[in-house]
There are 2 protein chains.
Amino acid sequence: MSRDFPSRSGGAAIGARLRRLSDRIDREADGLYSAFGIDFEQRWFGVMNQLALNKAMSVSDLATALGVTHVAVSQTRAALIARKLISTADDPGDARRRVLTLSAQGRKLVKELGLLWEALNDAAREVDREAGGVAVALARLEAALDKRSLAARVRMKLDAPAKQRAPASRI
Amino acid sequence: MSRDFPSRSGGAAIGARLRRLSDRIDREADGLYSAFGIDFEQRWFGVMNQLALNKAMSVSDLATALGVTHVAVSQTRAALIARKLISTADDPGDARRRVLTLSAQGRKLVKELGLLWEALNDAAREVDREAGGVAVALARLEAALDKRSLAARVRMKLDAPAKQRAPASRI
DNA sequence: CGAATTAGCGTAAGCTCTTACGTACATGTC
DNA sequence: GACATGTACGTAAGAGCTTACGCTAATTCG
């Protein structure tokens with residue numbers, strides 16, 4: 001909570017806001033799977049999608065592709081193995097690596113989900129357009145922070161004695 | 001993980017992305033507090049800020065203002081009471097309610113944090129401008145989803161037999 | 001060639017929210 | 001006045017990530 005960036009719009013914390021947004025989207029997707037009688041969870045999407053696109057991937061490759069830690073991928077790996085949707089094998093070229101692939105059952109499910117995923121994607125694009133490009137804005141936000149971190153910007157502002165600051169206005 | 005909305009930019013899941021962004025911002029702010037020798041956590045900001053602005057507020061008022069559940073506020077309340085930054089009292093007009101206020105120590109800390117918060121806010125606005133208005137885009141995203149949910153949009157797309165769809169393109 | 005360093009991955013525990021539930025209180029209805 | 005319903009809030013437990021750690025394997029360096 002209390003993550004403000006920047007904190008306007010009624011002072012709603014952006015962190016909680018972002019999380020609520022993503023939770024909402026996931027919940028709606030989960031609801032669609034249920035409505036279509038498909039035993040699937042949106043949080044598996046990334047791994048299943050990547051394996052459908054790339055045949056076989058390691059835990060660390062998936063982590064990089066999905067932008068999460070290898071631990072999160074490992075946790076999803078365990079859930080998908082339990083449901084027999086993927087399988088793993090040792091990498092003959094590197095004993096440290098595990099190669100994940102879709103099982104026959106997993107491929108079948110991905111095929112089944114194809115139309116729904118396509119429609120989800122179309123709907124997501126539509127909403128993003130209406131919102132004026134959230135994804136692009138987020139990419140720019142990441143780039144801006146990479147260029148100069150928030151902490152560095154704050155330090156610059158605190159070290160600028162000549163500049164006259166507006167009166168304090170917390171939000 | 002695997003939350004795609006929409007899923008491009010290397011397929012990074014927007015959910016994880018949003019969370020990483022907010023975690024990053026919080027961590028940078030926490031780092032600044034440490035650098036200035038101030039025992040404070042960015043996650044308390046919302047509650048402390050609201051109490052500084054509004055004198056006294058109930059748990060549910062804070063929850064509404066901050067856009068989180070009352071449970072999250074209650075959890076923060078406990079942490080801030082443990083650190084003697086706020087205090088609570090019964091509401092004479094409604095025995096169900098607890099009124100939270102800044103303690104003397106809390107007011108002193110808020111005063112101490114004033115300049116840093118202001119600089120943080122300026123930096124946040126600056127980054128938001130460079131990113132092309134993330135907060136505004138997020139507000140529009142919420143509004144678009146309120147207008148028509150993602151699930152409703154998906155259903156419309158699946159129920160559109162006349163429209164010819166492009167070949168399946170998972171991302 | 002052996003030691004040091006880096007890489008891959010699984011497990012445990014923590015973070016910061018959430019939902020579910022229960023208790024107490026306030027309000028509305030008959 | 002009694003009962004039903006709604007509200008406020010605290011606690012327990014869960015979600016979905018994270019960090020920390022440890023083990024094994026591969027690579028680098030002297």
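In what follows, chains carry the letters A, B, and so on, assigned in the order in which the sequence lines appear, proteins first and then strands, with residues in each chain numbered from 1.
No donor-acceptor contact under 3.5 Å links the side chain of Gln75(B) to the base of dT11(D).
The hydrophobic cluster containing Met156(A) does not contain Trp117(B), counting ILVMFWY residues as joined when their side-chain heavy atoms lie under 4.5 angstrom apart, directly or transitively.
Atoms CG (Asp90(B)) and C1' (dC25(C)) sit 12 Å apart, rounded to a whole Å. Here the C1' atom of nucleotide dT19(C) and the CZ atom of Arg27(A) are 9 Å apart, to the nearest Å. At whole-Å resolution of the value, CG in Leu66(A) and P in dG16(D) are 15 Å apart. Regarding Asp30(B), its CG atom lies at a distance of 15 Å from the C1' atom of dT19(D), rounded to whole Å. Rounded to a whole Å, the CZ atom of Arg43(B) is 14 Å from the P atom of dG14(C).
Atom CG of Leu51(A) and atom CG of Asp61(A) lie 10.5 Å apart (nearest 0.5 Å).
Side chain of Ala95(B), nearest nucleotide from dA12(D), dC25(C), dT19(D): dC25(C).
Two residues are said to be in side-chain contact when any heavy atoms from C-beta on lie closer than 4.5 Å; Leu100(B) and Ile81(B) fail this criterion.
The two atoms that bring Leu150(A) and Ala124(B) nearest to each other are CD1-N, 4.0 Å, heavy atoms only. Of all the heavy atoms in Asp30(A) and Gln42(A), the pair that sits closest is OD1-N, 2.8 Å. When all heavy atoms of Val99(A) and Ala56(A) are compared, the closest pair comes out as CG1-CB, 3.3 Å. Nearest heavy atom pair, residue Ala144(B) against residue Glu130(A), reads CB-OE1, 3.6 Å. When all heavy atoms of Ser60(B) and Arg97(B) are compared, the closest pair comes out as OG-NH2, 4.1 Å.
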### Query
Based on Watson-Crick and G-U pairs with both distances under 3.5 Å, what dot-bracket line describes DNA chain D 5' to 3', crossing pairs as [ ] and inter-strand pairs as |?
||||||||||||||||||||||||||||||

### Query
Which parts of nucleotides 2-10 of chain D does protein reach within less than 4.0 Å, heavy atoms only, written one letter per nucleotide 5' to 3' as B for base, S for sugar-phosphate only and - for none?
----BBSBB

